[in-house]
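Okay, structure first, notes after.
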Amino acid sequence: MPTTTLVSVKPPPPHSPILLKKNSNFIPARVSQRSPHSFRVSSLSLSLSDMDTSSGQSILYPLHRCKTLHLVRHAQGFHNVEGDKNPDAYLSYDLFDASLTPLGWKQVDNLRQHVKASGLSKRIELVIVSPLLRTMQTAVGVFGGEAHTDGVDAPPLMNENVVNSSRHAISSLNSPPFVAVELCREHLGVHPCDKRRGISEYQNMFPAIDFSLIERDEDILWKPDIREKNEEVAARGLKFLEWLWTRKEKEIAVVSHSGFLFHTLSAFGNDCHANVKSEICTHFANCELRSVVIIDRGTIGSDESSTNFPGKIPQGLDLPSDVADEKLSGSGPSK
């Protein structure tokens with residue numbers, strides 16, 4: 001059972017969310033160098049809180065005010081390969097909405113094995129995904145069903161051979177719902193790899209993903225000459241965390257991007273141990289998974305507990321001994 005140690009930054013507004021650690025993190029091996037079953041597990045502890053959170057202090061919150069998030073960066077895309085060779089490649093329209101490489105698909109398969117072996121696949125109630133090709137391929141490959149077969153009365157999450165990937169269609173049967181959300185996109189602007197296609201084109205590729213939260217078919221957020229600033233990405237990330245409280249699901253996977261995840265998480269951990277701050281604020285590897293718990297301190301969400309029980313049914317006498325001691329000492333509440 002992981003500890004509930006928190007770290008905090010400067011006092012936020014009272015409705016700000018808190019993040020706690022979970023212990024199902026997955027950092028992928030380099031597929032060409034290590035066994036596909038060789039995983040490194042670590043834990044993460046973060047918060048956005050104005051409370052005293054000194055090292056070693058535990059903090060307790062009601063369970064129904066918490067959501068578990070499994071944060072995933074997409075697998076290797078062609079833009080990652082070309083950008084590693086030459087950073088100027090990120091300016092090339094040849095990398096528009098880049099898809100996964102064959103090695104990226106191997107990373108997806110390895111993370112899928114981990115998700116199944118750890119039991120996450122049975123617990124996740126919702127998958128939220130950035131509406132770009134590489135993130136949707138990663139999301140359906142990791143959290144989707146098995147190979148889709150004709151005659152099944154359910155649309156596939158992904159059709160066969162999308163963008164010449166040579167991958168089988170992926171079934172939506174026995175899978176959580178998948179919802180595309182623009183708030184968790186990568187830095188907007190300038191880099192063509194971060195510009196999305198029309199939603200109608202994506203709907204033909206990924207029939208079972210829900211695109212209803214995206215208002216415009218064309219990408220009106222990406223600008224060819226204006227790159228979103230890091231602090232703007234961080235602010236968008238905090239807005240995304242607050243938006244999550246509009247959802248009823250308690251355990252959610254989020255498949256997003258390096259910049260979005262890094263700058264969102266970098267808002268946390270400024271008053272904790274340097275090693276923990278470093279753990280929080282490192283960039284995600286391709287297809288890395290980190291699990292956290294987000295806490296609603298300001299009752300943004302309205303869910304009631306599904307496990308709490310009021311007790312005293314049927315009614316009966318119930319004077320606790322500590323209250324009796326207070327009354328006997330005269331320190332109890334006056335009637």
Side-chain angles (χ1 to χ4, degrees), residues 22 24-42 44 69-85 89-90 95 97-121 124 127-148 157-171 175-176 178 180 184-186 193-194 205-206 209 252-262 265 279 282-292:
K22 294 287 282 186
S24 57
N25 299 352
F26 170 72
I27 300 176
R30 291 186 181 274
V31 174
S32 60
Q33 298 178 11
R34 295 170 63 183
S35 163
H37 301 291
S38 176
F39 305 126
R40 179 158 62 91
V41 178
S42 61
L44 176 65
L69 306 183
H70 304 287
L71 307 175
V72 178
R73 180 192 173 197
H74 63 79
Q76 185 194 70
F78 283 100
H79 66 304
N80 297 134
V81 176
E82 297 305 317
D84 198 286
K85 297 175 183 176
Y90 280 107
L95 296 174
D97 191 22
S99 62
L100 297 186
T101 66
L103 185 141
W105 278 111
K106 291 179 181 179
Q107 293 171 341
V108 167
D109 293 339
N110 285 339
L111 179 54
R112 179 182 180 86
Q113 291 177 19
H114 169 74
V115 165
K116 286 186 170 295
S118 65
L120 288 183
S121 59
I124 291 173
V127 178
I128 295 173
V129 59
S130 163
L132 286 170
L133 191 54
R134 60 191 181 268
T135 40
M136 291 188 288
Q137 288 177 313
T138 301
V140 300
V142 172
F143 299 108
E146 303 299 332
H148 181 80
L157 280 166
M158 184 179 76
N159 281 320
E160 184 177 7
N161 198 32
V162 163
V163 293
N164 300 314
S165 64
S166 300
R167 299 288 292 197
H168 294 297
I170 297 175
S171 175
S175 297
F178 285 65
C184 61
R185 282 178 61 175
E186 183 57 292
C193 60
D194 299 327
M205 299 177 183
F206 304 96
I209 292 182
I252 301 172
V254 178
V255 183
S256 186
H257 306 265
S258 174
F260 175 81
L261 294 169
F262 176 76
L265 296 182
E279 184 179 339
T282 54
H283 281 89
F284 277 61
N286 281 130
C287 226
E288 180 180 350
L289 181 152
R290 299 181 197 172
S291 299
V292 299

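For clarity, every value in this text was computed on a predicted model and none was experimentally measured. Note: hydrogens, waters and symmetry copies are ignored here, and every other heavy atom, side chains too, is used.
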Is there a side-chain contact between Arg167 and Asn161 (heavy atoms, below 4.5 Å)? no
Taking every heavy atom of Ser175 against every heavy atom of Phe143, the minimum-distance pair comes out as OG-O, 4.0 Å
Atom pair CD1 (Ile170) and CZ (Phe178), whose distance is rounded to the nearest 0.5 Å: 8.5 Å
Steps toward side-chain contact (heavy atoms from CB on, under 4.5 Å) verdict (Leu69, Ser291): CA-CA 6 Å; Leu69 306 183; Ser291 299; over 6 Å; no
Spacing of Leu132 atom CG and Gln137 atom CD [to the nearest 0.5 Å]: 11.0 Å
Side chains of Met136 and Met158, heavy atoms from C-beta outward: is any pair under 4.5 Å? no
To the closest 0.5 Å, what do you measure between CZ (Arg290) and CG (Leu265)? 6.5 Å
Is the shortest heavy-atom distance from the side chain of Val142 to the side chain of Val255 under 4.5 Å? no
Do Glu288 and Leu71 have side chains that get closer than 4.5 Å, going by heavy atoms? no
Would you check, one step at a time, whether the test side-chain contact (heavy atoms from CB on, under 4.5 Å) holds for Val162 with Leu133? CA-CA 10 Å; Val162 163; Leu133 191 54; 4.2 Å; yes
For a quick test of reading the model, state the closest non-hydrogen atom pair linking Ala98 to Arg134 and the distance between them. O-CB, 3.5 Å
Report the residue from Glu186, His257, His74 that forms a side-chain hydrogen bond (donor to acceptor under 3.5 Å, both in side chains) with Ser130. His257
Which heavy atom of Gly83 sits nearest to which heavy atom of Tyr90, and what is that distance? CA-CE1, 3.4 Å
Does a side-chain heavy-atom distance below 4.5 Å link Gln76 with Val81? yes
Can you check whether Asp97 reaches Cys193 side chain to side chain, under 4.5 Å on heavy atoms? no
From Arg112 CZ over to Thr138 OG1, what is the distance, rounded to the nearest 0.5 angstrom? 12.5 Å
How about Ser165 and Leu100: do any of their side-chain heavy atoms sit closer than 4.5 Å? no
Under the salt bridge (charged side-chain N to carboxylate O under 4.0 Å, His left out) test, residues paired with Arg73 that sit two or more places apart: none
Would you check if Phe284 and Val72 make a side-chain contact, meaning some heavy-atom pair closer than 4.5 Å? no
Nearest-0.5 Å distance, OG of residue Ser121 to CD of residue Gln113: 12.0 Å
Can you see which heavy atom on Ala75 is nearest to which on Gly104, and at what distance? CB-O, 3.2 Å
Calculate, to the nearest 0.5 Å, the distance between atoms CZ and OG1 belonging to Phe260 and Thr135 respectively. 11.5 Å
Could you check Asn110 against Cys287 for side-chain contact (heavy atoms from CB on, under 4.5 Å), going step by step and ending with a plain yes or no? CA-CA 9 Å; Asn110 285 339; Cys287 226; over 6 Å; no
Between Ile128 and Cys184, the two heavy atoms sitting closest are CG2-SG, 4.2 Å
For a quick test of reading the model, state the closest non-hydrogen atom pair linking Val127 to Pro176 and the distance between them. CG2-CG, 3.7 Å
Tell me, with the steps shown, if Asn80 and Asn286 meet side-chain contact (heavy atoms from CB on, under 4.5 Å). CA-CA 9 Å; Asn80 297 134; Asn286 281 130; 3.5 Å; yes
